[in-house]
Amino acid sequence: MSAAFHLLTIAEIVDETAEARSIRFAIPDALADEFAFKPGQHLTLKADILGEDVRRNYSLCVAPQDGQVKVTVKRIAGGAFSNWANDNLEPGDQLEVMPPHGSFTWEFSREAKNHYAGFAGGSGITPILSLLKTALLTEPDSKFTLFYGNRDSQSVIFLEELGRLKNRFMGRLQVHHFLAEEFEEIDLFNGILDRAKCDLILGSLIEPEEVDAFFICGPGPMMDAAEEALRQVGVPADRILVERFTAGRPSAAMAAQMQELQEQAAGMAMIVTLDGRKRRVPFSAEAGNILDSARLAGLPAPFACKAGVCATCRARVLTGEVSMAARYGLSDDEIAAGYVLTCQSVPKGEGVEVDYDA
Ligand code: FES
């Protein structure tokens, strides 16, 4: 992934619901390769909002076969970027956009005969729609079952598109809606996707052992509920893919431990490689992590969430040891290969060398 931002023009804006809009970008031919993506990946958008450099990741809501680069932005209460984007952006405006990245994806192949399932809550449908469409378009013998939770029918993003896809992929796509504040006759479909509901789903609507991969994206408690329910019935971890865009607060004990490490690491020299250039950078306790120490020293190290979930700030530790507060954005394989989230990392001693290009 290139960490560079590109100024892209907005080609189209589609109001999906009262609270969410999709933004399609025009991609110049020269950037077509850089903006090629895998299903389920996201873009980092950047804007100057009231003098602050605000960055957020938004999932692509399309399949690579659609030939479009489009993300969906839903308002969140108090959200600086999401509200600004919903209130201000118009076709023709320009926005700084980092090329697609993210590991919430799957290698679909024409010969596969798989059953996939998705648990989506609210705007968590966005990457799952991308995966679902790609699965059905790429694999003629595969099927997809979606469990999609929302407040009420007005707030269901892509309601019509899902209906169209159901007709188009008759018999291969099943969509089950769960509404928290609207009631229908079958009780199973009333209420939120909590642990009890996920247990019921796994006992009645799907045979977990027949599913090749589960994709989960939505509010934190919903993702935890779905993941725990799947683990409880014995689904192995490598068949459960989770995409988190927000993180819970670190525990008080973890926060205290990180503060101690930050103080110990103050002033330690680190070597940071970025865009092919190596620089010596002191760790700053005030900055609090390797990413912000590098940025304080003038290196444009990439970031988006600064909460340990998006992996935009990922780098590889070449020498030395670091402590990482949160690691949601990394897979076990990446951690084993020496990758860390620099927004969450503090050197444990002298001699740490990290490489953003690796
Ligand atoms: S900036 Fe998102 S994980 Fe570090």
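These values consider heavy atoms only, across backbone and side chains, with no hydrogens, waters or symmetry-generated copies. Ligands are counted one by one from 1 in listed order, and the atoms in each one are counted from 1 as well.
- Counted by atom type alone, His42 and Glu243 present one or more donor-acceptor pairs between their side chains at under 3.5 Å.
- When non-hydrogen atoms are compared, ligand 1 lies under 4.0 Å from the backbone of Val309 (N, CA, C, O) but not from its side chain.
- Taking backbone and side-chain atoms together, Cys305 has no N/O/S atom less than 2.8 Å away from atom 4 (Fe) of ligand 1.
- Remark: ligand 1 atoms within the under-4.0 Å shell around heavy atoms of Cys313 are 1 (S), 3 (S), 4 (Fe).
- Two rings, from Tyr58 and Phe81, have their centers less than 6.0 Å apart.
- From the protein, the heavy atom lying nearest to atom 1 (S) of ligand 1 is Lys306 N, 3.2 Å.
- Donor-acceptor pairing under 3.5 Å is lacking for the side chains of Asn289 and Ser345.
- Which parts of ligand 1 touch Cys310 is read off a 4.0 Å heavy-atom cut-off, strictly below it: atoms 1 (S), 2 (Fe), 3 (S).
- Within ligand 1, the atoms closer than 4.0 Å to a non-hydrogen atom of Gly308 are 3 (S), numbered from 1 in the order shown.
- In summary, the atoms of ligand 1 found under 4.0 Å from a heavy atom of Ala304, numbered by their order in the structure, are 1 (S).
- Met270 CE to Ser284 OG: the interatomic distance, rounded to the nearest 0.5 Å, is 9.0 Å.
- Taking backbone and side chain together, Cys343 holds an N, O or S atom under 2.8 Å from atom 4 (Fe) of ligand 1.
- For the side chain to side chain donor-acceptor pair (under 3.5 Å) with Ser22, the lone residue among Lys70, Gln68, Glu16 that qualifies is Glu16.
- For His115 and Thr145, the side-chain atoms include at least one donor-acceptor pair closer than 3.5 Å.
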